[in-house]
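Quick notes on the structure that follows.
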Amino acid sequence: MSDPFELNDDLPFEPLAPKPAAAAPPVPAAPPVWLEKLNPEQRQAVETTEGPVLVLSGAGTGKTRVLTTRVAWILMNRRARPWQVLAVTFTNRAAREMRERVMHLVGPSAEAVWLGTFHAISVRILRRNAELVGLKSNFTILDSDDQIRLLKQLMEVDNIDSKKWPAQALMGVIQRWKDRGLTPDKVGGQGGSDFADGRAVALYRAYQERLRTLNAADFGDLLLHCLTLFQSRADILGEYQEQFHYVLVDEYQDTNVAQYLWLRLLTQKHRNLCCVGDDDQSIYSWRGAEVGNILRFEKDFPDAKVVRLERNYRSTPTILAAASHLIAHNEGRLGKTLRTGLENVEQGAPIKVRGVWDGAEEARWLVDEIETLQRAGHALDQIAILVRAGFQMLEFEERFITTGVPYRVVGGPRFYERLEIRDAVAYLRLIQQPEDDLAFERIINKPKRGLGDTTIQKLHILARAQGVSLMEASQRISETDELRPQARTALANFARDMERWRSLRETTLPAEIAAQVLEDSGYIDMWQKDKSPEGPGRLDNLKEFVSGLDEWENLGGFLDHVSLVMENDANAGEAGVTLMTLHSAKGLEFDTVFMPGWEEDIFPNRRALDESGEKALEEERRLAYVGITRARRRAFISFAANRRVYNQWQSSIPSRFVEELPKENIEQESDPGLYGHRGGGGDWPGFNDTAGARSGAGIRRRMGFTDGATYEAKERVSTNEFRIGDRVFHQKFGYGIVEGIDDSKLEISFDKAGRKKVLDSFVEPST
DNA sequence: CGTATATATCTTTTT
DNA sequence: GATATATACG
């Protein structure tokens with residue numbers, strides 16, 4: 001794909017000539033104390049309110065402070081009223097934090113600032129203008145599950161082989177189009193249109209139509225519909241352009257094309273756009289983010305002032321040096337040099353790099369280190385474990401539970417994604433929006449009402465024939481003899497109940513409605529009768545769900561919250577070690593950071609590399625950079641020689657990033673015998689072998705064995721006849737699986753007897 | 001129509 | 001090892 005921006009040449013703008021010099025501030029404000037805490041660059045970024053500003057801000061250079069202070073400064077100087085300021089972030093967390101900090105500076109008037117994620121702000125705009133893009137203002141926001149189900153239905157109609165062309169892949173293609181601001185009409189034969197023999201665009205079109213009849217929008221639509229709205233209605237665009245005197249953008253390097261266009265349209269009039277970003281922290285290109293937007297900025301706003309923040313106030317010089325050294329392996333950076341902004345700072349401890357035998361060992365070591373820190377008086381909430389992917393968390397959670405060290409998971413399994421909660425939400429969605437067929441299908445037979453596939457099929461046929469929703473179709477069909485009497489009454493009852501619940505909205509608060517619906521529908525009852533071990537937990541969750549509704553006065557607001565925020569703030573407050581992915585760690589900082597799993601194929605991630613090659617490698621490296629720069633004082637990195645993937649053991653080699661760290665800033669220690677005993681004698685056991693192991697992997701790759709299976713390849717890690725993963729029999733302990741090999745000593749996990757260390761001569765292979 | 005058993009695919013990262 | 005879909009049977 002060439003330059004995605006070319007596609008949008010029909011958009012009604014060109015770089016505008018710079019505005020005549022801005023008028024002096026109406027009320028010159030006395031510089032408040034908080035301004036004096038800023039360094040000259042930060043201050044410049046805050047005080048340059050007029051015209052476009054690009055702030056290139058490295059990790060830990062105080063970018064959030066700049067943004068919040070800038071908003072406060074604008075308000076204090078009466079350059080704009082609160083609602084004339086628009087501040088956009090990527091995550092809800094960033095939005096929340098920013099709101100808190102601005103309120104702290106200027107008080108409750110900050111409530112009225114338009115501050116939120118791109119998506120949340122877009123929803124706000126769309127609810128007001130829904131009709132203009134073919135929706136009603138109570139439209140539903142679909143999650144990715146709904147999207148996939150919908151796409152599957154459409155593909156079924158077209159008789160597309162769902163094995164060959166997974167709906168998920170199509171969703172990805174459509175999402176990428178939407179990320180680039182492309183409606184079906186604009187796609188024009190590029191990027192993934194080879195899907196299903198070129199039928200992707202047609203499917204995209206059908207999908208969009210279907211969304212309209214469902215009165216629903218997916219995530220990408222929130223932005224895309226805004227763009228359509230702005231481009232088709234100059235008057236509406238004009239109103240918003242007029243309204244937003246000042247626009248600020250956080251994490252600018254993560255904007256995609258659609259978001260960029262959105263910003264460019266909204267800021268055309270006043271041109272007071274301030275973008276804060278760091279190309280070295282661009283880690284969302286897989287979601288359509290365009291680092292190019294940073295370069296693009298100076299082209300579209302030739303008079304832009306560029307401010308560089310390079311003084312780091314967060315980390316020790318050692319950590320900074322390690323991060324800088326690592327990221328220097330990337331090409332095509334804008335090039336910032338991060339230096340410490342702290343005075344009289346100590347060099348800091350070297351980064352500890354440790355190689356261990358396997359994942360369990362890694363977790364044991366890591367939690368031991370945490371306990372040592374804890375005994376030395378370090379607060380647990382100042383410690384974080386950052387992993388590449390969610391599945392890596394499990395091992396540490398288990399270890400935390402057995403040791404009793406308190407921890408919390410950020411962005412783990414989400415509350416609103418639980419089955420029972422989604423069901424409950426579906427009930428509410430259907431109440432709020434009767435055309436929501438996806439919600440209808442989800443709950444029509446939960447609890448069992450004797451309405452199975454055949455009934456649903458008939459409903460579908462009727463709905464399609466008459467062009468109405470499933471809800472409406474059930475009303476109509478229940479007046480006929482189309483269905484068996486049993487199904488007919490069940491359906492009529494359901495429709496009647498639904499009508500009653502819907503009318504409750506006039507008089508009753510959402511929490512009460514939810515409680516009643518879940519009770520009357522028999523949904524609660526269904527779980528009470530459920531004998532599975534999950535039953536009680538689900539009931540608890542439902543209770544929590546209802547009580548979480550307490551603070552909401554209208555159902556629509558709550559449903560938006562569910563789809564846009566999706567997070568579980570319930571146990572957010574508890575103190576403990578934080579466990580999260582590197583992606584969600586961006587923007588945070590901790591005294592101590594642990595980064596386990598630095599192994600080839602995990603980090604850098606294999607799939608990413610297969611998909612996007614060198615480009616992905618650089619993004620993985622940026623991710624490593626983000627991770628290291630989260631640490632204020634201490635960083636730990638580890639890798640394991642063996643890891644269980646799915647159900648098989650495979651050996652792994654250290655991440656290439658380990659070697660890209662500067663030797664003088666790390667302290668390497670590894671368990672002996674990690675990679676066999678061939679090399680031996682080195683100060684860093686295992687390390688000597690990695691080069692050889694790597695080139696082996698390289699050869700295999702060049703020979704075309706790239707499907708990962710070869711890696712596991714049950715490589716011999718010892719001289720005896722057993723391999724990791726082998727099933728064996730032992731006279732005393734019975735059957736078990738080999739989990740570790742150290743010369744003739746085997747570590748075996750026995751089915752009955754647990755984990756034991758035994759000698760190989762006492763066991764025999766078994767199938 | 002509902003239940004039980006087998007199976008395939010999964011694990012990148014998120015609004 | 002878990003979850004969602006497919007299939008067979010009651």
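In this text, all values refer to a predicted model and were calculated from it rather than measured experimentally. Chain naming here is simple, since letters A, B, ... match the order of the sequence lines and numbering starts at 1 in each.
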Within the 6.0 Å centroid threshold, strictly below: A/Y260 and A/W262
no

Donor on one side chain, acceptor on other, [X] and [Y], under 3.5 Å:
| X | Y | value |
| --- | --- | --- |
| A/E362 | A/Q392 | no |
| A/D218 | A/Y207 | yes |
| A/Q253 | A/D280 | no |
| A/Y407 | A/E397 | yes |

For [X] and [N], what is the distance between atoms [atom1] and [atom2] respectively, to the nearest whole Å?
| X | N | atom1 | atom2 | result |
| --- | --- | --- | --- | --- |
| A/I141 | B/dT14 | CD1 | C1' | 15 Å |
| A/R644 | C/dA2 | CZ | P | 11 Å |
| A/F118 | B/dT14 | CZ | P | 18 Å |
| A/D143 | B/dT14 | CG | P | 16 Å |
| A/L223 | B/dT14 | CG | P | 18 Å |
| A/D250 | B/dT15 | CG | P | 13 Å |
| A/R124 | B/dT15 | CZ | P | 20 Å |
| A/N256 | B/dT15 | CG | P | 14 Å |

The contact string for nucleotides 4-13 of chain B, one letter per nucleotide 5' to 3', using protein heavy atoms under 4.0 Å with B, S and - for base, sugar-phosphate only and none, comes out as ------BBBB

Distances under 3.5 Å between protein N/O atoms and the N/O atoms of nucleotides 1-3 of chain B, please, pair by pair.
| unit_1 | atom_1 | unit_2 | atom_2 | d |
| --- | --- | --- | --- | --- |
| B/dC1 | OP1 | A/G452 | N | 2.9 |
| B/dC1 | OP1 | A/T454 | OG1 | 3.0 |
| B/dC1 | OP1 | A/T455 | OG1 | 2.8 |
| B/dC1 | OP2 | A/T454 | N | 3.3 |
| B/dC1 | OP2 | A/T454 | OG1 | 2.0 |
| B/dG2 | OP1 | A/G450 | N | 3.3 |
| B/dG2 | OP2 | A/N445 | ND2 | 3.2 |

How are the rings of A/F494 and A/F440 set to each other: parallel, tilted or perpendicular (split at 30° and 60°)?
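Because their plane-to-plane angle is over 60°, the rings of A/F494 and A/F440 count as perpendicular.
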
According to the interplanar angle, ranging from 0 to 90°, do the rings of A/Y284 and A/W286 count as parallel (below 30°), tilted (30 to 60°) or perpendicular (above 60°)?
tilted

Parsed dot-bracket for DNA chain C after applying the Watson-Crick and G-U rules with both distances under 3.5 Å and | for other-strand partners is .|||||||||

When you compare the side chain of A/V593 with that of A/I628, does any pair of heavy atoms fall below 4.5 Å?
no

Closest non-hydrogen contact found for A/R630 with A/V626 is NE-O, 2.8 Å

If I compare all heavy atoms of A/A389 with all of A/T581, which pair ends up nearest, and what's the gap?
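Heavy-atom minimum between the residues: C-CG2, 4.4 Å.
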
Salt bridge present between A/E290 and A/R180 (N-O < 4.0 angstrom)
no

